[in-house]
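Here is the structure we will look at.
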Amino acid sequence: MIDLIFPDGSKRQYDDGATGKAVAASIAPSLAKRAALVKLDGELLDVDQPLPHGGHFEILTRDSLEALETLRHDASHIMAEAVQELFPGTQVTIGPSIEDGFYYDFARDEPFSLDDLAKIEQRMKEIVDRDEPIRREVWKRDEAIAHFKSIGEAYKAEIIEGIPASEDVSVYYQGQWKDLCRGPHFPSTKFVGKAFKLTKLAGAYWRGDHRNAQLQRIYGTAWSSEAELEAYIHRIEEAERRDHRKIGRAMDLFHLQEEAKGMIFWHPKGWTLFRTLENYMRRRLDDDGYVEVKAPQLMDRELWEKSGHWQKFSHAMFTCETEEGEVLAVKPMNCPGHVQIFNHGQKSYRDLPLRMAEFGACHRYEPSGALHGIFRVRGFTQDDAHIFCREDQIEAESTKFVRLLESVYRDCGMELHAVKLALRPELRFGDDGVWDVAEKKLERAARNAGIAHVEMLPGEGAFYGPKLEFHLRDAIGRTWQCGTLQLDYVLPERLDAEYVAEDGSKQRPVMLHRAICGSLERFLGVMIENFAGAFPLWLAPVQVTVATITSDADDFARKAAAALRARGLRVETDLRNEKINLKVREHSLAKVPVIAVVGRREADLGQVALRRLGSDGQQVLDLAEAVNLLALQASPPDVARSAGGAESQSPGAVGAMEAG
RNA sequence: GCCGCCAUAGCUCAGCCGGUAGAGCGGCGCAUUCGUAAUGCGUAGGUCGGGUGUUCGAGUCACCCUGGCGGCACCA
């Protein structure tokens with residue numbers, strides 16, 4: 001007998017081997033009919049599977065949130081069945097559920113077409129209508145290998161070969177069709193419903209390795225109701241509108257063109273945005289004890305060989321040869337340059353931690369298929385810095401960095417999506433003992449800074465050390481690494497960085513490579529999508545447009561604009577002989593945060609009517625008042641913070657306050 | 001780089017089974033001075049990403065190149 005504890009706390013006994021369905025039936029026949037999955041001590045099981053033991057027990061219907069993953073997984077199987085029915089000879093490989101949907105990788109010589117997707121989708125719906133029962137069988141591993149080989153499913157056989165010989169494997173039948181799968185699954189295809197849609201067709205390498213065969217991946221999205229599917233499609237469409245490439249064009253921020261692919265032509269408005277962010281970052285770094293430097297753009301190949309970059313990274317480096325035969329490389333990163341500056345002159349332990357920052361323009365030959373708007377480019381600007389410190393300073397510096405990063409993200413309206421720790425790669429310098437220490441230290445730094453969850457990424461570290469990665473999301477949910485913190489014992493060694501310790505001995509510093517935005521370009525891209533182009537006042541390329549209603553107000557409008565400019569605001573005037581309706585519409589669409597409307601009335605009274613983007617009210621103020629208000633509101637968040645503190649004591653004593 | 005798709009006026013897009021290109025927005029011009037998301041009228045822009053081939057004839061078919069998009073791989 002097994003004891004089951006139900007969600008309401010009640011307990012009941014059942015025979016050994018009772019299935020979830022039998023348990024459901026004992027409660028209510030209707031529940032047995034609706035039961036899609038059962039949960040036993042947190043583990044999801046098929047309803048027809050004999051319960052292996054007692055414990056906390058719950059019956060899930062298809063509409064439950066926890067069943068959604070299974071619904072999507074089932075949908076991937078139904079798609080595989082449909083594909084094999086329609087395209088005999090196609091081999092199946094793997095097909096998991098993913099965020100919002102599922103995919104399945106198929107091996108087939110002939111490529112699928114977009115038209116095929118419609119056919120497959122249609123057939124999937126038929127399979128749902130057939131209500132094929134889904135049944136689990138347990139097979140011996142070797143028999144499974146032999147069977148899948150015999151039916152020409154080489155990939156499946158290969159997967160099973162990777163399973164330890166002692167283990168059995170589960171095979172799921174779905175009507176006549178079957179697939180190797182761990183499960184769980186719903187009781188029949190009808191449970192999946194029809195709220196799914198095949199969305200895209202893509203290539204994907206077998207087992208994620210580009211040396212392997214390329215399979216055809218079909219992606220789909222699946223939901224428990226038609227309404228949710230509609231909502232999802234709508235959400236994606238909305239998100240596509242805020243694509244930074246579209247907004248960049250519409251707002252005239254930047255452009256890209258063939259002759260310089262992967263490199264950005266910043267237009268005046270976009271460059272204003274860039275400079276605003278750069279200036280903000282510079283202040284934050286200054287305040288946090290960094291010193292800023294500028295290292296050369298090109299350096300001799302020999303230096304890159306010494307640092308190790310040539311061996312590990314030369315494929316991605318732009319190089320050129322001089323007439324005198326020197327081979328120079330455009331810097332793909334700033335670290336070797338910074339070490340040269342560190343090495344110039346003897347350093348003392350008193351100089352540490354030395355935080356050396358640079359807005360470093362880096363160039364990397366990225367694979368053509370990797371380029372993506374201004375997120376992934378070949379020429380970009382890192383908000384890079386290297387902290388040279390003693391080993392016992394690593395933790396404090398790391399924590400300090402993460403705090404700064406979180407503060408910057410907050411100021412910029414960014415939400416940190418994930419923190420990942422990239423562990424030692426195959427190609428690396430430094431012995432394993434050093435890596436053990438480095439990996440542990442970074443992990444601890446993240447925890448100390450209050451980051452609850454750190455995802456481990458085996459094999460993805462830099463060649464010189466592990467990386468903590470800070471990921472942000474774009475409009476449609478893709479994540480992009482922006483911030484990074486890397487712990488490096490290797491480069492100081494390879495490039496002979498040293499300092500004089502208290503006892504007069506020469507010691508190696510440790511290097512922390514760190515960036516908050518990662519690249520200003522990528523960070524701006526994410527910001528553009530997050531704000532959908534409607535930037536907060538301090539960032540907006542044009543902060544105020546002074547728009548006239550009639551030409552009577554032209555002189556006053558010019559005067560108002562000049563007064564605003566005198567306080568550092570970015571102001572445009574619109575004196576065209578157009579209706580105010582049109583002006584409001586145009587500047588609203590251009591996402592200008594404030595439209596200062598002046599008509600005859602305002603001009604006579606020396607006032608402006610402020611209209612904020614997104615609201616249809618207006619605020620009529622005397623010019624001087626409006627200028628003060630807007631100047632205050634346009635302060636970057638860090639400036640506002642320090643001014644705010646000063647103001648509460650003695651207005652206007654901002655500088656004095658900072659000196660303390 | 002790999003797989004698939006796409007490439008037509010500044011932008012968004014229409015041009016079916018091949019017979020020398022259209023719309024909306026934008027631009028420009030004229031008129032309008034009109035109080036908070038589109039004033040009216042008029043007008044100029046493309047030879048269809050580049051190339052080769054098939055054809056009497058190609059934006060429309062085939063192939064190649066280039067670029068873009070979605071994935072994959074890569075991302076020090």
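Within the structure, a side-chain polar atom (N or O) of A/R245 is placed less than 4.0 Å from OP1 or OP2 of B/C69. Applying the 4.0 Å criterion to OP1 and OP2 of B/G1, one finds that A/S368 has a side-chain N or O inside that range. The side chain of A/H587 places no N or O atom within less than 4.0 Å of a non-bridging phosphate oxygen (OP1 or OP2) of B/U36.
Separating the CD1 atom in A/I236 from the OG1 atom in A/T199 is a distance of 9.0 Å, to the nearest 0.5 Å. Rounding to the nearest 0.5 angstrom, the gap separating the CD1 atom in A/I374 from the CZ atom in A/F254 is 4.0 Å.
In this view, A/F265 and A/H255, A/Q257, A/A260, A/H267 satisfy the side chain to side chain contact (heavy atoms under 4.5 Å, CB included) rule, not counting sequence neighbours. Legend: residues meeting side chain to side chain contact (heavy atoms under 4.5 Å, CB included) with A/R378, ordered by chain and number and at least two apart, are A/K261, A/M263, A/F318, A/Y365, A/E366, A/S368, A/L371. Evaluation of the ring pair (Phe, Tyr, Trp, His ring centres under 6.0 Å) rule for A/W206 yields A/Y155 as partners, not counting sequence neighbours. Residues satisfying the side chain to side chain contact (heavy atoms under 4.5 Å, CB included) test with A/A418, not counting sequence neighbours, are A/K420, A/H471. Listed by chain and number, the residues in a ring pair (Phe, Tyr, Trp, His ring centres under 6.0 Å) with A/Y464 are A/H513 (sequence neighbours excluded). Remark: A/Y232 pairs with A/W223 by the ring pair (Phe, Tyr, Trp, His ring centres under 6.0 Å) rule, at least two apart or across chains.
With hydrogens and angles left out, the side chain of A/E258 and the base of B/U66 share no donor-acceptor pair within 3.5 Å. Not a single donor-acceptor pair, N or O on each side, falls under 3.5 Å between the base of B/C75 and the side chain of A/R378. A donor N or O paired with an acceptor N or O is not found under 3.5 Å between the base of B/C72 and the side-chain atoms of A/R217. Side-chain atoms of A/Y205 and base atoms of B/G1 include a donor and an acceptor less than 3.5 Å apart. For a distance-only test at 3.5 Å, the side chain of A/R611 qualifies as a donor-acceptor partner of the base of B/A37. Between the side chain of A/E602 and the base of B/G35, a donor-acceptor pair under 3.5 Å is found. Looking at A/N581, its side chain has no donor and acceptor atom pair within 3.5 Å of the base of B/C34.
Applying the 90° criterion around 0 to the glycosidic angle, B/G15 comes out anti.
Rounding to whole angstrom units, CD of residue A/E237 and P of B/C69 are separated by 20 Å.
A cation-pi geometry, defined here as NZ or CZ lying under 6.0 Å from the six-membered ring centre and within 45° of its normal, holds between A/R217 and A/Y103.
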Look for any protein N or O under 3.5 Å of an N or O in nucleotides 3-9 of chain B and output each such pair with its distance, or none.
unit_1	atom_1	unit_2	atom_2	d
B/C3	O4'	A/Q214	OE1	3.0
B/C3	O2	A/G203	N	3.1

Shorter than 3.5 Å, N or O on both sides, protein versus nucleotides 11-13 of chain B: list them out with atom names.
unit_1	atom_1	unit_2	atom_2	d
B/U12	OP1	A/R249	NH2	2.8

(message) Expected output check: what is the dot-bracket annotation of RNA chain B, where ( ) and [ ] are pairs inside the strand (brackets for crossing ones), | is paired with another strand, and pairs are Watson-Crick or G-U under 3.5 Å?
(response) (((((((..((((.....[..)))).(((((.......))))).....(((((..]....))))))))))))....

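A/R108 comes within 4.0 angstrom of nothing in the nucleic acid, heavy atoms only. Within the 4.0 angstrom heavy-atom criterion, only backbone atoms of the sugar-phosphate kind lie near A/G208; the bases stay farther away. Here A/H513 lies out of heavy-atom contact (under 4.0 Å) with every strand. A/Y219 comes within 4.0 angstrom of the backbone, heavy atoms only, and of no base. When heavy atoms are screened at a 4.0 angstrom cut-off, A/K467 is found touching the sugar-phosphate backbone but no base atom. A/A316 comes within 4.0 angstrom of a nucleotide base, judged by non-hydrogen atoms across all strands. A/A547 comes within contact range of no nucleotide atom at all, as no heavy-atom separation falls under 4.0 Å.
Remark: aromatic rings of A/F87 and A/F112 are close, center separation under 6.0 Å.
Within residues 473-493 of chain A, the residues approached by RNA chain B to less than 4.0 Å at the level of any non-hydrogen atom are A/R478, A/Q486, in residue-number order.
Identified under the side chain to side chain donor-acceptor pair (under 3.5 Å) test for residues 586-596 of chain A, with sequence neighbours left out: A/D574-A/H587, A/R576-A/E586.
Classified by interplanar angle (parallel below 30°, tilted 30° to 60°, perpendicular above 60°), the ring pair A/H372/A/W480 is tilted. Ring-plane geometry between A/F375 and A/H244 is classed as tilted, the angle between the planes lying from 30 to 60 degrees on a 0 to 90 degree scale.
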Which side-chain N or O atoms in residues 605-614 of chain A pair as donor and acceptor under 3.5 Å with protein atoms at least two apart or in another chain?
unit_1	atom_1	unit_2	atom_2	d
A/Q607	NE2	A/D622	OD1	3.4
A/R612	NH1	A/Q633	OE1	2.8
A/R612	NH2	A/Q633	OE1	3.0

